[in-house]
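Chain A is the first sequence line, chain B the second, and so forth, proteins listed ahead of strands; every chain is numbered from 1. Note that the coordinates shown come from a computational prediction; the quantities given were computed from them, not determined experimentally.
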Number of protein chains: 2
Amino acid sequence: MARKTGSHSEITGPRIRAEASRLFARHGFAAVSMRQIAAAVGVQAGALYLYTPDKEALLFDLLKTHMEELLAAWHTEPKGAEPLEALERFVRFHIGFNLMRSEAVFLSYMELRNLSEANFAVIEGLRRAYETELEEILKAGQAAGALSVPDTKLATMAIIAMLTGVNTWYREGGRLSRDTVETIYWDMVRKAVGA
Amino acid sequence: MARKTGSHSEITGPRIRAEASRLFARHGFAAVSMRQIAAAVGVQAGALYLYTPDKEALLFDLLKTHMEELLAAWHTEPKGAEPLEALERFVRFHIGFNLMRSEAVFLSYMELRNLSEANFAVIEGLRRAYETELEEILKAGQAAGALSVPDTKLATMAIIAMLTGVNTWYREGGRLSRDTVETIYWDMVRKAVGA
DNA sequence: TTGAAGAGTGAACGTGCGTTCAGTTACCCT
DNA sequence: AGGGTAACTGAACGCACGTTCACTCTTCAA
């Protein structure tokens, strides 16, 4: 048999990406075979090559899409007028978005080393662009006297690491609601860099 | 030929672990073959099995040893008498130790999913024991009124994530000395959870 | 001097890998 | 009605994997 009824590329393409993301996040890129991905989608391995030139390109596509969506989502977020408000928005946005996309976030941190040098540079560039968004907030806050940040680069890295860390322990339906977590983290960040 | 002069198990064993650690950290557990490790050591693949029952046991040994050394090193550290001093010691210890062992730290965060369930539980237990060390400091500080920590569990995770994040960007001989980094991070932590 | 034990070799085992491709089917357009 | 094409199959390619094992060489105690 070939081509089951109702099966189209607009369906199979996204499903391949979804299953690949799930499997890569769970077991790691190198530990997941094209045959496993195909089986999860319900096709033969060969069919995957209608949607991706090779395995690495599939990973790259997932990472690139994620980073671009992260940046796009941040840019549509309403900006805070004052430095402290801008920082709070960033903190809440980062925690919220990352919890919504935990699989892709995990991938973006863990599987960079499986990329070719050129592809790595692309993802790295997108990540740096995102980090710069936070650093600009900190710089502006420092300049306005609303924040006390001895080294904005370090503070940027520290805050992002701290916020992203939520993904390692947060479970939906756990002890704390997402909003409570955001509030507690915002409280710590505010105190850490507040004037 | 077999056995070159001056070649002993007391030399080969540690070299295997060292090369495996290096390669696993660089390329990921699943992406490194036993033959690659053997080649780096300068033996044939079969020889590795004189030192480990299988590939996963080799990884488990690396992770377990690292976590045990981390806990042992922390326990020999002089304790601070007061809560704030104890917390400062923890912050500086964590950054310092992790920078000294960046390969093993990387492995301990990235390769847990390649462990069997039983082995995973062991490493997880050790990690939790380490986290508890920090949480106890925070609890004591909160009780003594020296710290203001609304949720000690969250603060524990936030601080550890923030500190461990140093490993992702710190490079020896870079812009900032290790001590400067420790001081800046300690400053942020103190403000974040200080009373 | 000898022989057991230690350390390592090198070939082989079956398996699963990423990828290719000729062939097959189902749908759409005319 | 029927031909073209998009979607997919299933088998095959060569290769690398983890692991085993009979064997060889070296060392050292008795």
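No engagement by Val41(B) is indicated, since no non-hydrogen atom pair under 4.0 Å with the nucleic acid exists.
What separates CG of Asn114(B) from P of dG18(D) is a distance of 12 Å, to the nearest Å. Summarising the geometry, the separation between CG on Leu58(B) and P on dG18(D) is reported as 11 Å, rounded to the nearest angstrom. Rounded to whole Å, the distance from CE on Met34(B) to P on dA12(C) is 21 Å. Remark: P of dC17(C) and OH of Tyr49(A) are 11 Å apart, rounded to the nearest angstrom. In this structure, CD of Glu56(A) is placed 13 Å from P of dG18(C), rounded to the nearest angstrom. Summarising the geometry, the separation between CG on Leu59(B) and P on dG18(D) is reported as 13 Å, rounded to the nearest angstrom. The nearest whole Å value for the distance from the CG atom in Leu50(B) to the P atom in dT19(D) is 14 Å. For Ile11(A) and dA6(D), the CD1 to P distance is 17 Å, given to the nearest whole Å.
Closest to the Val43(B) side chain, of the nucleotides dG18(D), dT9(C), dA7(C), is dT9(C). In the set dT19(D), dA7(C), dT19(C), the nucleotide with an atom closest to the side chain of Ala45(A) is dT19(C). Comparing dC17(D), dT19(D), dC8(D) by their closest approach to the side chain of Thr12(A) singles out dC8(D). In this structure, the nucleotide among dC17(D), dT20(D), dG8(C) sitting nearest to the side chain of Ser33(B) is dC17(D). Of the listed nucleotides (dT19(C), dT9(D), dG18(D)), dT19(C) has the atom at the smallest distance from the side chain of Lys55(A).
A salt bridge does not link Arg178(A) to Glu182(A): none of the charged nitrogens lies less than 4.0 Å from a carboxylate oxygen. With respect to Asp187(A) and Arg190(A), a salt bridge is recorded, a charged nitrogen being found less than 4.0 Å from a carboxylate O.
Using modelled atom types, one finds a donor on one side chain and an acceptor on the other under 3.5 Å when comparing Ser21(A) with Glu103(A). Counted by atom type alone, Thr183(A) and Thr180(A) present zero donor-acceptor pairs between their side chains at under 3.5 Å. In this structure, a donor-acceptor pair under 3.5 Å is present between the side chains of Glu56(A) and Asn119(A).
Place Gly46(A) and Gln36(A) on DNA chain C by their nearest nucleotides, and Gln36(A) ends up nearer the 5' end.
For Arg35(A) and dG16(C), a side-chain-to-base donor-acceptor distance below 3.5 Å is absent, hydrogens and geometry of angles not being considered.
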